[in-house]
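This report refers to the structure that appears directly beneath it.
Order of appearance sets the numbers: ligands from 1, and atoms from 1 within every ligand. Only a predicted model underlies this, so the values are computations on that prediction, with no experimental measurement involved. Atoms considered below: every heavy atom in the structure, side chains included; atoms not considered: hydrogens, waters and symmetry mates.
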Amino acid sequence: MTLWHGRLGGGTAPEVMAFSVSLPFDRALAAVDLEGSRAHVRGLGRAGILTDDEVATLVTAIARVEQELAEGSFAFAPDDEDIHTAVERRVTEIAGDVGAKLHTGRSRNDQVATDLRLYARGALGEIASAVIVLQEVLLNRAKEVGDAYLPGYTHLQRAQPVLLAHHLLAHGHALARDVDRLVSTLARLDVSPLGAGALAGSSLPLDPDAVAADLGFSSRFENSLDAVSDRDFAAEALFDLALLGVHLSRMGEEVVLWSTDEFGFARLDDAYATGSSMLPQKKNPDVGELARGKAGRLIGNLTSLLVTLKGLPLSYNRDLQEDKEPLFDSVEQVRLALAALAGLYATMTFDTHRMQDAADGPSVAAVDLAEWLVERGMPFRQAHGVVGGLVRDALERHVPLAELVAAHPSLGEEAVSLLEPGVAVTRRTTPGGAGPASVAAQLERFVHRLEADRVRIADAARVPVTEDGDVAVG
Ligand code: ARG
């Protein structure tokens, strides 16, 4: 029997059912649907629409459905169009006649909007905590590698030496912005749509404020039309996940490059690499490649929802059912990617000798020579010309740069010491720079940032922080 059997006769055509069911994917909302129903039932009780006994009967039935779903014994029926229909049907089977009162004053339109917000609150909290785990891996690796350095690149050409810790923390800072975005998306989605009904509210004495508080939302909707049609929070979540995915993609690309024979900066742990079905010698960086590959899909999911929303008239339209698969998919893919990359980065071995050899080429200290001249009064543009000319000469005449520097009237032996291996990186002393003193300060600030972010996430996702400082989401 359909939910609208009073109005439409004869049943729904099977191809319409096949086209419109969302149960195959929206069963991911089961837990939050039950949470929303429980709050709604309690609200109906407070409004005097349900007696205390009726509330108790329905709450017990909801608990039983929860248990059946958790155990996997919940039997879906062929007519269950979506998770909301399935839950209401089963609650009614268990509770008897009072089940027919469950949907009083509620529409699937405000129900699904509420469910999706509750789902997103949990999922984004979980993702943000998983980002912190990856940041901790980067932090620990950064601490462990001490003063090891490697070439920093621009245009993928060696530019200046940087501490490996600085390089690793660069990814950590991009991820910190992801956490920041997730937390601010959580703040904006913290509005309950329950009580908006189909689109216009209700004639019954419902109290959406109390229901919002019951569900742990900071506030209720201001406008019922907006409440049932707004999916901004889902679009924002998809953007946050897409940009996070772009950062993971860039980290993945780095591992792909570093593990080549050509770079040779990193060796992957066997558990985080794959082999070839044909070439016995191969060890492939598939985790990095997949992190890179998934970004396309995450961007696609964002685009998909934005295109769905564009041009929709107020308020609820069935098109909105298309909001779920992109969101569920992005959450799942990012969750998997974060875990795999955390393991990958935690276990790879850095070849710091090779990194340092690559960074010790004489020309990477060229700007240090120029700045040495600046400190002795030469205008930078002129100093740049002097050193650039020496580098060109050294290359064209196959003479070591050090020899030309020693012989130059404005430079000489003292300047040659700048070209010694490991010297250039120590000269990056400005705040936020790539040298040891700056990076030590950066590390300390980063540790504090992670601590503060853990608390912000727990607060925004409405979950407690556990004793060891982890966020107990999921
Ligand atoms: N499965 C639907 C969705 O995901 C639930 C809401 C259906 N509402 C309706 N008026 N047909 O959006």
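The D82 neighbourhood of ligand 1 comprises atoms 1 (N), 2 (C), 5 (C), with distances under 4.0 Å to a heavy atom of that residue. Taking a cut-off of under 4.0 Å to the non-hydrogen atoms of K324, the atoms of ligand 1 that pass are 3 (C), 4 (O), 12 (O). Under a 4.0 Å criterion applied to the non-hydrogen atoms of Q321, ligand 1 contributes the atoms 1 (N), 2 (C), 3 (C), 4 (O), 12 (O).
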Using atom types as modelled, flag every donor-acceptor pair under 3.5 Å from a side chain in residues 15-22 to any protein atom, sequence neighbours excluded.
from: S20; atom 1: OG; to: V16; atom 2: O; distance (Å): 2.7
from: S22; atom 1: OG; to: D26; atom 2: OD2; distance (Å): 2.6
from: S22; atom 1: OG; to: Q321; atom 2: OE1; distance (Å): 3.4

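Ring geometry for W258 versus H167: interplanar angle of 30 to 60°, hence tilted.
With sequence neighbours excluded, the residues forming a side chain to side chain donor-acceptor pair (under 3.5 Å) with S330 are N301, listed by chain and number.
Residue contact annotation: Q111 has no non-hydrogen atom under 4.0 Å from ligand 1.
Remark: R267 fails to qualify as a cation-pi partner of F350 under the 6.0 Å distance and 45° angle criteria applied to the six-membered ring.
The distance criterion of under 3.5 Å between nitrogen or oxygen atoms is met by S22 with respect to ligand 1.
H171 pairs in a side-chain hydrogen bond (donor to acceptor under 3.5 Å, both in side chains) with only one of the listed residues (E254, R250, Q135), which is E254.
When heavy-atom distances to ligand 1 are checked against a 4.0 Å cut-off, D323 has no atom that comes that close, whether in backbone or side chain.
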